[in-house]
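This report refers to the structure that appears directly beneath it.
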Amino acid sequence: MSSGAEIIQMIGRLQDLKGFRDQHWEGTFEDYLQVVRENPGVTRSAFQRIYDMILAEGTREYYEYKKKIIHYNFFDDANHGGVDAVYGLGLPLMKMVNAFKSAAKRYGTEKRVLLLHGPVGSSKSTIVRRLKKGLEDYSRTPEGALYSFSWILEDENTRRKQDQATLEMPCPMQEEPLHLIPQDLRPEVFAGLNDGKADSEHIAVEGDLCPACRQQFREMNLRYGGDWTQIISHVKVRRLILSEKDRVGIGTFQPKDEKNQDSTELTGDINYRKIAEYGSDSDPRAFNFDGEFNIANRGIIEFVEVLKLDVAFLYDLLGASQEHRIKPKKFPQTHIDEVIIGHTNEPEYKKLQNNEFMEALR
């Protein structure tokens, strides 16, 4: 029988410390530009990342009723012993992956909500769970790497005490670090990064900073007289590992009783404790950007029984899918980059088809 010390030593040998260090990489903005230069895939959109994730595990072909079906090994769930494997849905899964493909290539389906519908027990929840687990695993691999950033801020109290301590403010929506480049400078900067690369590897980052990061950028801009090179000296780029349990890049929203739920669960809410500190409820520092849309940025959000949502939620859903924007309370529209996927049973789906007032959602 092994002793406690031997078990601890065995666990130590099984650890992948190099993998841990790679997954917790940190560096300057300049370091990140070098990473982008070497691997443009780190700047992919959420749809592109999920499509590449599915293809990464390979495919095989077979015929069903004389129709060629492409089977995606991703849905065999081999990495987890087939716990969430999906069988007998070759054609529906192929159609779903084709939707990811067209969205990855920006053909228009990236502006739609993906809806899985069917009878009870038809693997709707299992498919979404497989996508979420797969995205967690993929973000830990070198091929699925993505990055976000934090602001390094001096604390007024510690500075008065002549201490070198700093405060770190992570971007609450784990945004792409290239959002820090001003919109009017991006064409020239991206042209330099894309120089000598194939069209399929070209960088095409959309969107802008979230309200919290925009506030920090504006303050730094005034402090340094518009010198952008000084602003990014306060930026630390870090590797991002997606996790549903930690609410990083993967969100889930489930309808509840109407009296106990409002749209702030999707877009965040005011932090009343901090209003006294900052003096206004419209200050980004007095707002929690922790709604499901916020935390699912760069990844995927699942809507359970999506057609049972109240109408107020459907408005947020339409804006998030068609415009890739959400509207937090008392803040401007904020860009998001995430896959929105919902599932529902057949009766609710047929009810939607017959409802003329839901034309936009249809």
Side-chain angles (χ1 to χ4, degrees), residues 45-47 49-50 110-111 113-114 128 131-132 135-136 139 146-151 168-180 205-217 237-238 240-256 261-275 278 281-304 306 309-310 312-342:
S45 70
F47 276 103
R49 187 169 289 105
I50 285 186
E110 75 277 9
K111 297 183 178 180
V113 177
L114 291 175
V128 180
L131 289 171
K132 293 194 293 187
L135 197 56
E136 288 185 0
S139 71
L146 69 161
Y147 297 80
S148 186
F149 64 92
S150 301
W151 293 95
E168 182 174 332
M169 190 201 91
C171 172
M173 292 178 60
Q174 56 266 353
E175 291 180 277
E176 164 61 49
L178 294 184
H179 282 181
L180 290 161
V205 174
E206 299 175 352
D208 210 341
L209 294 172
C210 70
C213 292
R214 191 170 181 80
Q215 167 83 5
Q216 295 298 337
F217 189 92
V237 180
R238 55 190 168 80
L240 191 65
I241 303 298
L242 304 187
S243 169
E244 183 176 18
K245 291 181 179 178
D246 296 330
R247 301 187 80 224
V248 177
I250 300 175
T252 305
F253 187 81
Q254 185 168 356
K256 301 184 184 72
Q261 192 167 31
D262 58 52
S263 59
T264 59
E265 290 190 38
L266 286 176
T267 56
D269 201 3
I270 296 167
N271 186 333
Y272 292 96
R273 185 177 64 84
K274 290 188 176 181
I275 292 177
Y278 296 111
D281 59 358
S282 61
D283 190 306
R285 293 166 295 185
F287 193 89
N288 292 332
F289 293 94
D290 59 357
E292 293 301 322
F293 274 137
N294 304 99
I295 63 100
N297 193 36
R298 312 287 303 284
I300 187 171
I301 180 171
E302 172 191 7
F303 280 86
V304 180
V306 61
L309 287 172
D310 187 63
F313 293 94
L314 295 179
Y315 292 144
D316 288 325
L317 192 60
L318 284 174
S321 60
Q322 295 176 351
E323 309 295 333
H324 287 191
R325 293 182 181 277
I326 58 173
K327 180 68 174 68
K329 188 187 296 183
K330 295 200 173 184
F331 291 100
Q333 287 190 319
T334 302
H335 179 269
I336 58 171
D337 169 30
E338 58 199 66
V339 174
I340 303 173
I341 187 166

Nearest heavy atoms of Pro332 and Pro328, plus distance in Å:
O-CD, 3.7 Å

Please tell me if the side chains of Thr334 and Ile326 come closer than 4.5 Å, counting only heavy atoms from C-beta onward.
yes

Nearest heavy-atom neighbours spanning Ile241 and Ser139:
CD1-O, 3.5 Å

Are Arg298 and Glu175 close enough for a salt bridge, meaning some N to O gap below 4.0 Å?
no

Hey, mind stepping through Leu114 and Phe47 against side-chain contact (heavy atoms from CB on, under 4.5 Å) and telling me if it holds?
CA-CA 11 Å; Leu114 291 175; Phe47 276 103; 4.2 Å; yes

If we only count heavy atoms from C-beta on, is the Pro170 to Ser148 side-chain gap below 4.5 Å?
no

Sub-4.5 Å side-chain heavy-atom contact between Arg214 and Pro284
no

Indicate the atoms forming the closest heavy-atom contact of Tyr147 with Val237, along with that distance.
CB-CG1, 4.0 Å

Between Gln174 and Asn297, is there a side-chain heavy-atom distance shorter than 4.5 Å?
yes

Between CG of Leu266 and NZ of Lys327, what distance do you get to the nearest 0.5 Å?
14.5 Å

If we check salt bridge (charged side-chain N to carboxylate O under 4.0 Å, His left out) with Lys329, which of these qualifies: Asp269, Asp281, Asp316?
Asp269

Side-chain donor/acceptor of Asp337 to backbone N/O of Ala46, under 3.5 Å:
yes

Using modelled atom types and a 3.5 Å cut-off, is there a donor and acceptor pairing between side-chain atoms of His324 and backbone atoms of Gly207?
no

Show your reasoning for whether side-chain contact (heavy atoms from CB on, under 4.5 Å) applies to Leu317 and Phe293.
CA-CA 9 Å; Leu317 192 60; Phe293 274 137; 4.1 Å; yes

With a 4.5 Å limit on heavy-atom distance, are the side chains of Glu292 and Arg247 in contact?
yes

Could you check whether any side-chain heavy atom of Phe253 comes within less than 4.5 Å of a side-chain heavy atom of Ile340, counting everything from C-beta outward?
no

Could you tell me if the ring centre of Phe289 sits under 6.0 Å from that of Phe287?
yes

With rounding to the nearest 0.5 angstrom, report the CG to CD1 distance, Asp246 to Ile295.
10.0 Å

I need the minimum non-hydrogen distance between Ile301 and Ala296, along with the two atoms involved.
CB-CB, 3.8 Å

Identify the two heavy atoms, one from Phe149 and one from Pro177, that lie closest to each other, and give their separation to 0.1 Å.
CD2-CA, 3.7 Å

Would a distance-only check, ignoring hydrogens and angles, find a side-chain to backbone donor-acceptor pair under 3.5 Å from Thr267 to Thr264?
no

Applying side-chain contact (heavy atoms from CB on, under 4.5 Å), run through Lys132 and Thr252 and close with a yes or a no.
CA-CA 10 Å; Lys132 293 194 293 187; Thr252 305; 2.9 Å; yes

Test item: Leu131 and Val339 side chains (from C-beta on) under 4.5 Å apart, heavy atoms
no

When you compare the side chain of Arg285 with that of Lys274, does any pair of heavy atoms fall below 4.5 Å?
no

Derivation and outcome, side-chain contact (heavy atoms from CB on, under 4.5 Å), residues His179 and Val205
CA-CA 8 Å; His179 282 181; Val205 174; 3.5 Å; yes

